[in-house]
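I have placed the structure first, in the form of structure tokens, so that the comments after it can refer back to it.
Because only heavy atoms are used, hydrogens play no part in the values below, and waters and symmetry mates are left out as well, while side chains stay in. Naming: A, B, ... by sequence-line order, numbering from 1 per chain.
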Amino acid sequence: MSARDASGRIVRFWRSTVGKKMVMAVTGLIMVAFVVVHMIGNLQIFEGAVRLNDYSHFLHHTINELLWLLRIILLVSVVLHIVAAIQLTRLDRAARPQGYAMRRSQAATVSSRSMRWGGVALALFIVFHLLHLTTGTIQPVPFTDGNVYANMIGGFRVWWVTLIYILGMIALGLHLYHGDWSSIRTLGINRPRAEPLRRPVAATIAIVVWAGFTLVPLAIYFGLVR
Amino acid sequence: MKFRLKVWRQAGPGAAGAFATYEARDISADMSFLEMIDVVNEGLIEQGQEPIAFDHDCREGICGSCSMMINGCAHGPEKGTATCQLFMRHFTDGQDICIEPWRAKAFPVIKDLVVDRSAFDRIIAAGGFITAPTGGARDANAILIAKSAADDAMDAAACIGCGACVAACPNGSASLFTGAKISHLGLLPQGQSERDRRVLAMVGQMDAEGFGACTWHGECHEACPKEISLDTIARMNHDYARAAWRTRE
Amino acid sequence: MSMELRSGVPEGPIAQKWDAYRNEMKLVNPANKRRHTVLVVGSGLAGASAAASLAELGYQVKCFCFQDSPRRAHSIAAQGGINAAKNYQNDGDSIWRLFYDTVKGGDFRSREANVYRLAQLSVNIIDQCVAQGVPFAREYGGLLANRSFGGAQVSRTFYARGQTGQQLLLGAYQALERGVSTGRLTMHPRTEMLDLVLVNGVARGIVTRNLVTGIVESHAADAVVLATGGYGNVFYLSTNAKGSNCTAIWRAYKRGAAFANPCYTQIHPTCIPQSGEHQSKLTLMSESLRNDGRVWVPKKAGDSRPPNQIPPAERDYYLERKYPSFGNLSPRDIASRAAKEVCDAGLGVGPNGLGVYLDFADAIARLGEQTIRERYGNLFEMYERITDENPYRVPMRIYPAVHYTMGGLWVDYSLMSTVPGLHVAGEANFSDHGANRLGASALMQGLADGYFIIPYTISNYLASHRLDPVDASHPAFREAETGVAARTRRLLAIDGTRTVDSFHRELGKVMWNDCGMARNAAGLQRALAKIPEIRAEFWRNVNVPGSDAELNQALEKAGRVADFLELGELICRDALQRTESCGAHFREESQTPDGEALRDDAHFAYVSAWMYQGDDTPPRLEKEPLSFENVHLAQRSYK
Ligand SMILES: Cc1cc2nc3c(=O)[nH]c(=O)nc-3n(C[C@H](O)[C@H](O)[C@H](O)COP(=O)(O)OP(=O)(O)OC[C@H]3O[C@@H](n4cnc5c(N)ncnc54)[C@H](O)[C@@H]3O)c2cc1C
Ligand code: HEM
Ligand code: HEM
Ligand code: SF4
Ligand code: F3S
Ligand code: FES
């Protein structure tokens with residue numbers, strides 16, 4: 001396959017609504033994988049400062065190159081995901097210039113309807129989050145590079161920081177509940193018989209991730225972890 | 001029975017429309033929804049007013065002509081039912097009923113409740129067929145088709161092209177209609193040789209017509225008078241990905 | 001002056017006639033094909049298949065329909081199935097047997113050669129449709145499944161659930177859209193043909209009205225095909241779609257095309273009974289239901305017990321009693337008339353006593369509910385949706401309703417009318433069903449005409465006639481356009497007090513009462529006196545709101561009903577002239593001692609073809625004698 005041909009196919013794929021949606025699904029799933037791992041990582045806080053900081057040290061020094069690779073993959077995913085999201089949303093809005101005076105939804109869920117604003121919320125959260133715990137630009141309490149434990153304890157003692165995280169996680173949970181389920185179908189991996197199963201599975205992932213993340217700030221806020 | 005109807009009236013394609021309110025009196029529970037409107041229209045004509053324009057033909061739920069948003073639901077609240085097969089016994093006496101046309105960029109309003117659905121024909125013309133010129137066919141039993149495959153194909157082929165899926169979809173997406181045809185033809189051995197070019201062409205046309213993308217709200221399936229399965233959309237995506245990968249631009 | 005109706009049937013043994021025709025026909029040079037334009041009016045099974053096939057051959061084709069999409073033609077509503085002499089079931093079927101059954105079913109009032117060709121082509125139809133992806137029902141082994149259908153003792157009916165017509169039409173429609181994609185075929189939906197245009201006595205085009213813009217437009221061509229379906233709506237209530245009409249063929253009739261056997265109207269035995277005055281159409285319950293359902297009424301009149309509480313001994317399974325060998329599968333005309341008899345005798349069931357039971361209790365006991373659901377699920381659902389009764393628990397109530405019109409424009413063996421260049425296909429022509437159509441044979445005829453006959457005969461016509469170029473600027477088109485526009489303006493100008501529907505209902509009642517399932521001279525005379533009065537009042541007092549420059553459904557209806565008001569009269573005239581009983585045409589004056597239709601072959605073995613003579617002169621009756629060289633005329637018996 002020549003380069004021109006290949007790029008032609010890729011462009012065609014990206015230009016079609018179906019193709020774009022699949023890009024969203026794949027990037028979305030990459031991010032899902034990340035958050036799951038990330039969540040597990042965070043839970044180590046319950047095993048004490050040493051354990052968590054070692055983990056962070058391990059990430060940042062031992063496998064530094066790999067970390068950068070992952071960061072790049074993530075960055076690309078987020079960017080593609082957002083660009084596709086914006087383009088498709090525009091298109092979908094344009095497809096119904098005039099709305100209905102009366103509309104009774106028969107199937108759509110809170111989750112499916114909140115994908116867009118929920119997504120925006122997630123975007124804002126991630127920015128805030130990076131400025132908070134990665135770059136330390138936002139410093140509710142003095143930021144000590146490398147001492148993740150301290151940064152977290154300090155941060156989550158501050159009520160509004162915790163609140164932002166709680167809200168962020170709700171957005172994430174909803175996003176995942178619909179996202180996990182729909183991405184599988186978007187990718188056309190459809191075994192009709194598995195159908196009844198999918199919703200519960202999606203729900204489980206969403207709840208576990210949501211709970212796993214939310215636990216940490218709450219635990220710190222209420223002083224269960226010092 | 002009697003009802004208060006809030007009906008969208010629009011003189012022509014360009015014209016600005018508005019809701020008008022009508023009383024539907026002495027309606028029997030055995031009337032179909034369209035027969036109820038017939039009664040209202042007869043009244044309007046007798047008062048020298050213009051009747052409400054709406055598409056309809058077979059009145060058996062098979063031609064796909066009838067098309068109304070009834071109290072916020074495409075083809076009304078009953079599951080798996082086209083407007084012409086919706087009977088007044090499902091409404092409560094004295095109820096208010098709001099009637100609107102399908103709304104989508106690709107379905108411009110022609111008049112009142114009548115919209116232009118020719119976009120669907122163009123999607124079919126793009127590739128929704130099996131190329132089998134008259135006369136060239138071999139014996140029908142030369143092709144064995146497992147009952148299950150024939151049944152699945154029939155399930156998808158049951159689509160009546162009414163457009164309720166588009167009307168109900170928050171994104172104005174035609175994915176269910178397009179997916180249904182792609183599934184019908186793609187499930188059959190006869191449909192294999194054109195499978196890739198079919199899905200590429202039909203999806204391309206679907207996008208060109210200005211339909212939205214599918215974000216899996218599932219409203220289309222709920223509104224569909226033939227209860228076409230959402231799996232047809234998944235199948236379309238699957239076929240599309242494969243075709244896009246295999247076929248040169 | 002009288003003209004001879006030349007059927008143009010080739011010489012030779014019946015089995016070789018169609019081959020003979022194809023061997024002798026002239027061909028159009030491939031390079032010239034794209035220079036020829038053919039108009040196909042109608043996108044049903046006949047029209048869509050013809051348009052698609054002609055475009056494949058390379059002709060420029062324009063196809064018209066009044067719906068918003070060709071896919072919505074009323075063929076879509078056909079439920080039961082399509083016949084073909086495949087003998088896949090090895091139960092003794094053959095082309096000959098299908099031919100014989102069809103001629104006999106038509107009560108020996110059809111043209112042998114056409115019917116034989118139909119039986120021959122039935123085989124190719126199934127092959128063609130399967131190749132297109134029509135999802136016919138299959139056996140577990142992957143072979144095609146069959147069911148038996150009214151009037152046949154072999155199992156030769158192919159079906160796709162209860163949606164056979166839909167699937168066949170979608171196949172033809174997809175072929176048509178494929179033609180559109182090649183650029184050789186242009187589709188004109190929401191367009192109604194309002195006149196036929198002749199130049200030097202030859203059909204050279206049509207005048208249409210765009211139903212959205214109201215623009216009246218001319219289309220010139222080298223040949224015209226009408227495939228505009230049946231005119232059963234002349235009875236107002238029928239199983240036809242609301243839009244089904246006679247306008248196209250009626251315009252052609254007024255331009256000189258003979259109208260054949262207008263009085264042959266099929267009344268289908270298994271329809272859902274009318275529930276009230278408001279009823280806008282009647283819904284068919286596919287005949288296939290009679291394979292497993294048993295028809296009965298209570299033995300004593302006025303038996304008001306719920307059906308399940310009437311013991312078998314007190315039920316009259318009248319079809320099984322009167323016609324032991326065919327029983328519940330006896331042909332439509334027989335079954336309908338039998339139902340009428342029992343209801344007239346006061347044994348009818350349901351609110352207004354106009355209904356009989358179609359009972360599945362035994363079948364469900366024998367085969368289980370699941371099997372029945374698989375076979376008829378969607379029909380049972382439709383029935384329940386409409387009547388609010390569950391046919392798995394209580395028997396269906398059914399009553400006959402107008403369903404199909406065997407009559408139509410007269411055509412010769414090449415499906416050309418008495419107007420050169422004007423071809424007619426599908427239900428719109430009179431060709432193959434004689435005085436009564438057997439179940440599952442109309443889909444067959446529509447597709448045989450469209451896929452396999454018209455493409456040949458049109459080519460032959462174009463190749464054997466010198467047609468000098470004509471375009472829409474020709475005065476004949478101007479004249480027709482003015483006529484159409486004037487008529488429209490006239491309808492809008494009347495501004496009376498009655499709705500179009502009220503006239504349509506009134507006409508329908510007259511037709512049903514005096515020219516329905518049973519007819520007699522007195523009733524027909526009454527109708528012939530009444531219809532002109534209704535027509536006169538229509539033109540004096542109808543109210544058609546709106547303008548002609550927009551989508552105006554009241555105006556569309558008005559034009560169609562105006563034509564029905566003329567056709568209705570011709571139907572009664574034809575029924576009056578035919579004093580014999582045959583097939584669906586039952587003249588009370590002519591019956592056997594035990595009340596069966598009594599044919600009079602000595603005097604009536606002909607096709608009646610009516611020639612328009614002007615609005616104020618009665619039409620002239622021409623006769624095409626029918627000779628039967630291959631089947632011997634027998635009094636039809638299904639006992
Ligand atoms: C409810 C029902 C069930 C049936 N079931 C069966 C069955 O099981 N088996 C069987 O063999 N037969 C069945 N039949 C009969 C069969 O379906 C029809 O006879 C056949 O489909 C007619 O096809 P057609 O192409 O001739 O006409 P149609 O399919 O009726 O098409 C007519 C076309 O002409 C167009 N048209 C009409 N007038 C105009 C005009 N003035 N200008 C422009 N366009 C016009 C229409 O738009 C339409 O496209 C059934 C019929 C009905 C009503
Ligand atoms: C309560 C919830 C969360 C907590 C406590 C948390 C905690 C942290 C911490 C401590 C870091 C810094 C790790 C380090 O520098 O060693 C980090 C980095 C990060 N977090 Fe979170 N996180 C949470 C939720 C999320 C969510 C929901 C997302 C994404 C949707 C996310 C995305 C990231 C990213 C992208 C980084 C940067 C990783 C890198 O260094 O490249 N986090 N998080
Ligand atoms: C960063 C900002 C984000 C935005 C703006 C965003 C936006 C969206 C939008 C609009 C959709 C489409 C809704 C749909 O198609 O059903 C979507 C789908 C999805 N998102 Fe996000 N999202 C974001 C972040 C995330 C994150 C962090 C994850 C995972 C942790 C994620 C996972 C998914 C998944 C799995 C889907 C489903 C795709 C599909 O249905 O095919 N998204 N997102
Ligand atoms: S998929 Fe269902 S809703 Fe959509 S057009 Fe087909 S029948 Fe109508
Ligand atoms: S409602 Fe719309 S979003 Fe998809 S699932 Fe149906 S097309
Ligand atoms: S009118 Fe034909 S589907 Fe409703």
Side-chain angles (χ1 to χ4, degrees), chain B residues 12 28 30-31 34-35 38-39 42 45-46 48-51 53 55-65 81 85 87 89 110-111 114 116-118 120-121 124-126 128-134 137-141 143-147 150 153-154 157-158 161 184-185 188 190-191, chain C residues 52-53 56 67-69 71-72 74 76-77 86 88 126-128 130-133 135-144 160-161 163 166-167 170 174-175 177-178 180-181 187 189 212 241-243 275-276 278-281 283 382 385-386 388 451 455 499 501 543 545-546 550-551 553-554:
Chain B
S28 108
D30 294 329
M31 284 187 191
L34 297 186
E35 284 165 347
D38 289 343
V39 172
E42 291 247 317
I45 295 173
E46 275 152 8
Q49 299 182 44
E50 272 207 49
D55 269 321
H56 67 103
D57 199 26
C58 75
R59 297 207 175 188
E60 289 185 19
I62 193 72
C63 75
S65 297
T81 306
Q85 289 292 290
F87 284 78
R89 67 178 72 98
I110 291 174
K111 184 175 185 178
V114 178
D116 177 355
R117 286 170 289 193
S118 51
F120 273 7
D121 293 323
I124 299 297
F129 48 75
I130 289 172
T131 302
T134 308
R138 54 186 174 157
D139 184 84
N141 259 350
I143 315 163
L144 288 183
I145 304 175
K147 187 173 185 303
M154 181 62 220
H184 160 209
L185 300 176
L188 296 168
Q190 307 93 298
Chain C
S53 306
E56 282 163 8
Q67 292 93 342
D68 68 321
S69 164
R71 69 178 289 150
R72 310 202 197 284
H74 197 49
I76 201 90
K86 282 284 196 183
Y88 282 155
I126 303 303
D127 300 345
Q128 179 62 30
V130 167
Q132 289 172 339
F136 284 119
R138 301 255 164 188
E139 306 292 354
Y140 283 100
L143 295 169
L144 286 152
R161 301 241 172 100
Q163 290 122 281
Q166 178 197 30
Q167 293 311 314
L170 291 182
Q174 285 160 206
E177 290 298 341
R178 181 174 149 263
V180 170
S181 70
M187 186 65 217
V212 175
K242 291 298 282 179
S275 72
H278 58 267
Q279 193 107 10
S280 63
K281 68 119 30 188
T283 303
M382 190 197 276
R385 208 177 273 129
I386 294 174
D388 209 19
Y451 281 131
T499 64
D501 282 341
N543 182 335
E550 58 174 335
L551 181 116
Q553 293 173 321

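In this structure, C:H74 NE2 and B:C63 SG are separated by 8.5 Å, a value rounded to the nearest 0.5 Å. Atom CG of B:D121 sits about 8.0 Å away from atom CE of C:M187, to the nearest 0.5 Å. For the atom pair CZ (B:F120) and CG (C:D68), the distance works out to 10.5 Å, reported to the nearest 0.5 Å.
Under a 3.5 Å cut-off, the side chain of C:R72 and the backbone N or O of B:H56 do not form any donor-acceptor pair.
For B:S118, no part lies under 4.5 angstrom from a heavy atom of chain C. Interface remark: B:L185 contributes side-chain atoms only to the contact with chain C (heavy atom separation under 4.5 Å). Both the backbone and the side chain of C:I386 come within contact range of chain B, each with at least one heavy atom under 4.5 Å from a heavy atom of that chain. At a 4.5 Å heavy-atom cutoff, the contact between B:I145 and chain C is made by backbone and side-chain atoms alike. Contact annotation for C:F136: only backbone heavy atoms (N, CA, C, O) come within less than 4.5 Å of a heavy atom of chain B. Proximity to chain C is limited to the side chain of B:L188, based on heavy atoms less than 4.5 angstrom apart. Contact of B:D139 with chain C is made through backbone and side chain together, with heavy-atom distances under 4.5 Å.
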Query raised in the report: Can C:E56 and B:T134 be said to form a side-chain hydrogen bond (donor to acceptor under 3.5 Å, both in side chains), step by step?
Result: CA-CA 8 Å; C:E56 282 163 8; B:T134 308; 3.2 Å; yes
Query raised in the report: Are C:D388 and B:R89 close enough, and set up right, to give a side-chain contact (heavy atoms from CB on, under 4.5 Å), and what steps lead you there?
Result: CA-CA 9 Å; C:D388 209 19; B:R89 67 178 72 98; 3.5 Å; yes
Query raised in the report: Should C:L143 and B:L144 be marked as a side-chain contact (heavy atoms from CB on, under 4.5 Å) after you check the CA-CA gap, both sets of side-chain angles, and the distance that decides it?
Result: CA-CA 6 Å; C:L143 295 169; B:L144 288 183; 3.4 Å; yes
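Ranked by heavy-atom pairs under 4.5 Å with chain C, the first of B:A53, B:G61, B:A153 is B:A53. Most heavy-atom pairs under 4.5 Å with chain C: of the set B:G128, B:G191, B:A146, this distinction falls to B:G128. Annotation: maximal heavy-atom pairing with chain B below 4.5 Å, among C:E139, C:Q67, C:Q553, C:Q279, occurs at C:Q553. The most heavy-atom pairs under 4.5 Å with chain C, out of B:I45, B:D116, B:L34, come from B:I45. Listed options C:M382, C:Q132, C:R161 were ranked by heavy-atom pairs under 4.5 angstrom with chain B; first place goes to C:R161. Residue with the most contacts toward chain B among C:A52, C:G133, C:S181: C:G133 (heavy-atom pairs, distance under 4.5 Å). Among C:V212, C:I126, C:D501, the residue making the largest number of heavy-atom pairs under 4.5 Å with chain B is C:D501.
When all heavy atoms are compared, the tightest approach of B:I130 to C:A131 is CG2-O, 3.4 Å. Shown here for B:I62 and C:I76, the closest heavy-atom pair between the two residues is CG1-O, 3.5 Å. B:A158 approaches C:Q163 most closely through the heavy-atom pair CB-NE2, 3.8 Å. Across C:V130 and B:Q190, no two heavy atoms sit closer than the pair O-NE2, 2.7 Å. Across all non-hydrogen atoms, the minimal contact from C:Q128 to B:P133 is OE1-O, 3.7 Å. Smallest separation of non-hydrogen atoms from C:R138 and B:N141: NH1-OD1, 4.2 Å.
Using a 4.5 Å heavy-atom cutoff, the side chains of C:S69 and B:R117 are not in contact. Between C:R178 and B:T131 the shortest side-chain heavy-atom distance falls below 4.5 Å. At least one side-chain heavy atom of C:L551 sits less than 4.5 Å from a side-chain heavy atom of B:V114. Side-chain atoms of C:K281 and B:E35, non-hydrogen and from C-beta on, never get closer than 4.5 Å to each other. By the 4.5 Å heavy-atom criterion applied to side chains, C:P545 and B:P51 are counted as neighbours.
By the 4.0 Å N-to-carboxylate-O rule, B:K111 lies close enough to C:E550 to be salt-bridged with it. Salt-bridge formation is not detected for the pair C:K242/B:D57: no Lys NZ or Arg NE/NH1/NH2 atom is positioned less than 4.0 Å from an Asp or Glu carboxylate oxygen.
A donor atom on one side chain and an acceptor atom on the other are found under 3.5 Å apart for C:S280 and B:R59.
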